[in-house]
Each structure stands twice: as structure tokens, then as C-alpha cells.
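By convention in this document, chain letters (A, B, ...) are assigned in the order of the sequence lines, proteins followed by strands, and residues within each chain are numbered from 1. Just the heavy atoms: all of them, side chains too, but no hydrogens, waters or symmetry mates, feed the values below.
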Amino acid sequence: MTDIEKPTNFIQQIITADLEAGRVKEVVTRFPPEPNGYLHIGHAKSICLNFGLAEQFGGTCNLRFDDTNPEKEDDEYVQAIIEDVRWLGFDWGGEPRFASDYFGQLYSWAQQLISDGKAYICELNAEQMREYRGTLTEVGKNSPYRERPAAKSLELLEQMKVGAIDEGAMTLRAKIDMSSPNINMRDPVIYRIKKIPHHRTGDEWNIYPAYDFAHGQEDAIEGVTHSVCTLEFAANRPLYEWFTSNLPLPSIPRQYEFGRLNLNYTMTSKRKLKQLVDEGHVDGWNDPRMPTISGLRRRGVTAASVREFCDSLAVAKTDGIVDVAQFEHFIREDLNNNASRAMCVLNPLKITLSNYPKDQQELLVAPGHPNRDDLPSRELPFTRELYIDRNDFNEDTTLSRKKFKRLVIGEYVRLRSGYVIRADEVLKDATGEIIELICSYIPGTVGQDPPEGVRPRGVIHWVSATNSVDCDLYCYEKLFTVAAPDAGEESFIDHLNPDSLQIIKQCKAELGLAGAEVGQHFQFEREGYYAIDAKHSSAGKLVFNRTIALR
RNA sequence: UGGGGCGUCGCCAAGUGGUUAAGGCAUCGGGUUUUGAUCCCGGUAUUCGGAGGUUCGAAUCCUCCCGCCCCAGCCA
């Protein structure tokens, strides 16, 4: 559908070559989140890439939870992740997979490794292990337990498994090379004792496989052909390959790394996002200021715009920082094309049309969208008393037409989809504050040009004062005041924007908005895009989130 | 510092020895407009981290140098 052909990325090139050479006959990918937090915009890139690759090459993509660390994981996250991936529009055919489904298989592969003399139970504690590991420049030294007989290791592993050994007292380690320049290859721990109930396996296990011992094997079990992960795992690849070549796996998956998405003014670290939630800086994981998928959804960002944005991103090995304005561009693009228009006055200023009959009301018809007639039109009650925005009136009559395209005493303005009016008089209270404007309307100007000599300064939005609906608006700004909240010496908490949320109460919205539902998107003309807040809005109280302002 | 990876416009990025060095975002002009929105036109890198070299010809090949990122969790 796109007229501009997007160049193929290096992973697509590899897959194409693999297919042509017959190395793989069907492409299988996977999105492998750990259920220890909510998904964010960075994950969306990975999701779109993995599911997208499967789609492009007619293969499949699994959703697989990498739940090998019960300490941090929870079913709440599993459910949220499933909802988020679905919402983004992807399907993994059948049930999601879990690393924990393979614990039994993984355990017997561990036994196999021991029998083959390629793994051993080590009794070094954490601190000792660190000392033995060496540093970036010094090689490590062998553990004194390294040559322990396989039979003994097998026996100890079983004891670890049944809970007979204390946490931290022993580990199972792969026997590789303590002098490898790649620290990951210096006899990495592949099983550790954790006497913690697992969200799926309960207290069945007292030991859990480490990431490196699990991931490649999980891929192999599922027949994953191209295991795509982020750059920081590049140093783990030799280890990934060591396992796939030292174990009798049903298939040999290959790992490829690409640069993760970084956005300025945004934080994409599950740990730190969790901190924001736990410390109450935001209203939960789905706070509309959060870069989480659930936060974006609640804010009113569409799944389509997230997908479009992700697809526009390069899949390469450079790790850059994308300007959030680029993301916002796609949010506006989709909303501009699809959101129905509506009017809402944020700072109401009452105006009375002195020449409009007191009890008269006519229903004006406004289009749902300026250039889409498939969206239903709207009925706008027009009455003698209306509200316009205070910012759309100025007492300074010397303002040029070019500079101020709004109401000024003695001049005209067009009410959007309505009449042309003229401001005649300002009413103020004792303190000098403007409380009302007396105006007059020009009959016959709905959908018609005003008579000769009447030149409206511009078009402003409005709402009937006697037949409209009240609502609250939650307007958001960037959560952080600096482009790189995560850099520098100070904590990112110090860079939180104190004005990231502004609540505007008692706004006046056109009547039709009373029936707005969660999931609908609106453009409040001349203001921005808004969507019902699923948390605060209720039958008796309309609450909208500002998804994003108009440019 | 040992290993791994990366450096093309303010940001992202195509480019795979011969192109006027794409495109998007941002930005700056101008036009249309009953949203100061959208839309439409147009401007914005003699140059590809730097220096040498190979070649008729280099962002693309070679050499050296510089800079940035990742790895020393019983996290993933």
C-alpha cells in the first residue's frame, strides 16, 4: 500500500538468504518478554519486528514468557503483556509459551551436560565466584570444584532441586573456559537455587535455569529459526551457540541482534518505570504519561500509530536516540486522518447574542471530519447564550488581523460551522474581570459568506451555554524536563516535570460528546486530540485525556 | 584496559566502488483553508568521525588514529 518502498533491513536479508539456500524452510520468530513489568514503546519495536518478520515471510511468531526468575515475575504482568500485544494487533496462534513449560526438559539437558563432563556443581559463594572470574583484563581461575566427578555433581544437582541445599550455597556451572576474553564464557552459572514460589510452577522447583541456559534451548524447542534480540546480548551469542552445539537439540536457532529503540525525554527501563509506579510519581503502570503500551493506550494513542512508528524505525546495529517528535508525528497523522471532530471550550467565556431570540434554539449540522464524509455529522444546538474560549477574545483592538485572528470589539469572527458574529460590548465585574461579552450575530451566514464589507478575523470554536455538557480534561506534558533523564549524575527522579499533568475542570463540550466511549478518539478543534480516560470517566462524569495537542 | 559492536545533515536513516549523497522528523519560507490544524510547493550535507593509501573513479576497499555503546548478577 505504501508508494515508498522501505529498504530491507539486515535481518530480512539474512532470512531471504537462508530461505534461498534452503537452510530454513519456514521462518519462526518469537517475542520473549520476561513478565517482570509492563511492556513499553521499546518493546513495541521488537514486537512489530518479530511478528512483522513472521508475517512478511509467511512464518509464525510465538509469544513466549521468559519466566526463569520467580523473584521478579508475576502473573499480573503476564496478563498485561498478553493484553498489550493483542491490542497492538498481533496474534501468536494458540496459547502463549512459557519458559517454565520447559523446566523439565532443561533439567535433563543440565544432567546431560554434567554426564558429558561439561558442567559441574560449584560451591563457591557469590563473592568468591566474582574473585575467581577475573576482570576485563585478567583471566579468571578455575573453581576448585571444577573437576568434581560427574556422579557427585548429578547427586548434588538433585539435592539442589529438591530443596536440600541452602540458597547461595551451590550453583551449576557450565565448564567452558576461565581464560576466555569473553567473560560470559568463564564457566557461567546455569542453575541457581531459589526457594521462591513460581507464578506458574508453584513450589515444584527449588532451582531455576539462568537466562543463558534457557533462551537458546527454548528457541530450539519451539523451532525458532531466527532469534532476534537487542544489541546488549551480542556478547552472550557465543554462549548461546555453545549450548546449541553441545546439547542434543531438536533444531539449531540462530541469534541476531539489533539496536533497541531509545526516545529522548522518555525512559525505557522496566526497573525505573517500576520505581516511578512504586514511589507514586505516576498513577500506575498505565498512567497516560508513561511510555508503556498500556499508558499510551489509556492516553488515546492508537495501536495503528504505534505500529506505523515502529515500522518506520530502522532495524540496524546502531544505537541512536530517536526524537519523540518523530513518534508524535505518527500519532498526529493517524488521529488527524481518523478522529472525529468536536468542539470543547477549555476556558469558558460567556457571550450573549443580543439580536438572537431568547428561547430560540436551532440545530446546526457540522461535519464529523473535514474531508471524510463516511464519518457521521454532528448536531450543534445554537442558542442566544454561548461559550467561547477566553483566549479567543482580546480587549486590545490594535492587534493586527494577521497576529490575532480572533475576537476583538467591533470586529467579526466566524463561529465554526455556525454564524458570523461581532463583539459589541465587554461586561466586567467589580474587580475588573471580564465576565461576559455582548455580541450580535449576522443572520444567514451559516455556510454562507457574510455580506460585503464584513471580514471575519478568523474562525473560533464555541458551544451552547444552555445545551452543552461539562467535562474535565487531563492535559499532559513531557514526564521529564531533560532529553536524557537517565544520563548524568543525578537520579532521573530529579528530572521529573512538576507540570506534566494539568487538570482543567468544568470545560464545556458539545452535546454529542456526552455519549463518548472508551476507545473513541476526538479532535477538539483548534485544541488537540482527546480520548475518554478509562479510569476517571464514568456515566456521571466525563473525563478526557489529551492524547496530544495540535501543532 | 581484554573482548564484542557502532560512527552519513539538528534527530532517525538509505547507500553493498561510477547516484546531482534517497527519504522521514525537526526547522525556515510561500500557497490553499469556515480548525493559526490538515494539505500543497520550495530552501536547508561540495560531503559521509579523522588522516593516509589503493583505484581512471571511494561514504563504499586497505592501514593507522579518534569517539561512543555493551560485557566482570547465583538479572534478562
Do the charged groups of [X] and [Y] touch, with an N to O distance under 4.0 Å?
X: R237(A); Y: E232(A); value: no
X: R186(A); Y: D177(A); value: no
X: K72(A); Y: E34(A); value: no
X: E123(A); Y: R173(A); value: no

Could you tell me whether [X] contacts a base, only the sugar-phosphate backbone, or nothing, with contacts defined as non-hydrogen atoms closer than 4.0 Å?
X: Q523(A); value: base
X: K405(A); value: base
X: R186(A); value: nothing
X: A325(A); value: sugar-phosphate
X: M343(A); value: nothing
X: Q13(A); value: base
X: P238(A); value: nothing
X: N337(A); value: nothing

Among [options], find the nucleotide with the atom closest to the side chain of [X].
X: R416(A); options: rG36(B), rC25(B), rU34(B); result: rU34(B)
X: V322(A); options: rC74(B), rC12(B), rU35(B); result: rC12(B)
X: K194(A); options: rC69(B), rC75(B), rC6(B); result: rC75(B)
X: Q326(A); options: rC6(B), rG24(B), rC74(B); result: rG24(B)
X: R341(A); options: rU35(B), rC74(B), rG4(B); result: rU35(B)

Separation of [N] [atom2] from [X] [atom1] (nearest whole Å):
X: F258(A); N: rA13(B); atom1: CZ; atom2: C1'; answer: 16 Å
X: H198(A); N: rC75(B); atom1: NE2; atom2: P; answer: 14 Å
X: H461(A); N: rA37(B); atom1: NE2; atom2: P; answer: 14 Å
X: M185(A); N: rG2(B); atom1: CE; atom2: P; answer: 20 Å
X: F309(A); N: rA13(B); atom1: CZ; atom2: C1'; answer: 13 Å
X: L364(A); N: rU34(B); atom1: CG; atom2: C1'; answer: 13 Å
X: I190(A); N: rA76(B); atom1: CD1; atom2: P; answer: 13 Å
X: E525(A); N: rA37(B); atom1: CD; atom2: C1'; answer: 9 Å

For L239(A), which of N182(A), T244(A), I176(A) qualifies under side-chain contact (heavy atoms from CB on, under 4.5 Å)?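 The single option meeting the side-chain contact (heavy atoms from CB on, under 4.5 Å) with L239(A) is I176(A).
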Any N/O pairs under 3.5 Å between the protein and nucleotides 70-72 of chain B? List them or say none.
{"residue": "rA72(B)", "atom": "O2'", "partner": "R133(A)", "partner atom": "NE", "Å": "3.1"}

List the atom pairs, with distances to 0.1 Å, where a side-chain N or O of residues 160-167 of chain A and a protein N or O form a donor-acceptor pair under 3.5 Å, not counting sequence neighbours.
{"residue": "E167(A)", "atom": "OE2", "partner": "K195(A)", "partner atom": "N", "Å": "2.8"}

In a check of ring-ring contact (aromatic ring centres under 6.0 Å, His included) between Y208(A) and each of F103(A), Y191(A), Y107(A), F213(A), which one passes? F103(A)
Suppose we define a pair by two distances each less than 3.5 Å, Watson-Crick or G-U wobble; what does rG52(B) pair with here?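 Pair assignment: rG52(B) / rC62(B).
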Assigned partner base of rG42(B), Watson-Crick or wobble definition, under 3.5 Å: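 rG42(B) is paired, partner rC28(B).
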Less than 4.5 Å apart, side chain to side chain, heavy atoms only: is that true for S143(A) and Y120(A)? yes
Could you check whether any side-chain heavy atom of E411(A) comes within less than 4.5 Å of a side-chain heavy atom of R422(A), counting everything from C-beta outward?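 E411(A) vs R422(A): side chains apart.
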Considering only distance and modelled atom types, tabulate donor-acceptor pairs under 3.5 Å from the side chains of residues 318-326 of chain A, sequence neighbours left out.
{"residue": "D323(A)", "atom": "OD1", "partner": "A325(A)", "partner atom": "N", "Å": "3.0"}

Using the ring of Y412(A) (Phe, Tyr or Trp, six-membered ring only), decide whether R455(A) places NZ or CZ under 6.0 Å from its centre and within 45 degrees of its axis.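 Not satisfied by the 6.0 Å and 45° rule.
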Determine the Euclidean distance between corresponding [atom1] atoms of [M] and [N]; express it in Å to zero decimal places.
N: rC25(B); M: rA14(B); atom1: C1'; result: 15 Å
N: rG49(B); M: rU8(B); atom1: P; result: 6 Å
N: rG7(B); M: rC65(B); atom1: C1'; result: 14 Å
N: rC64(B); M: rU54(B); atom1: C1'; result: 15 Å
N: rC9(B); M: rG50(B); atom1: P; result: 10 Å

Could you tell me whether the phosphate oxygens of rU34(B), OP1 or OP2, come under 4.0 Å of any side-chain nitrogen or oxygen in R526(A)?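 For rU34(B), OP1/OP2 do not have a side-chain N/O of R526(A) under 4.0 Å.
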Give me the distances for all protein-to-nucleotides 39-44 of chain B N/O pairs that come in under 3.5 Å?
none

Which ones in residues 262-273 of chain A lie close to RNA chain B, meaning a heavy atom under 4.0 Å from one of its atoms? none
Name all residues meeting the side-chain hydrogen bond (donor to acceptor under 3.5 Å, both in side chains) criterion together with T268(A); count only those two or more places apart in sequence or in a different chain, and write none if there are none.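 Not a single residue meets the side-chain hydrogen bond (donor to acceptor under 3.5 Å, both in side chains) criterion with T268(A).
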Under 3.5 Å side-chain donor-acceptor pair for Y530(A) and Q520(A): no
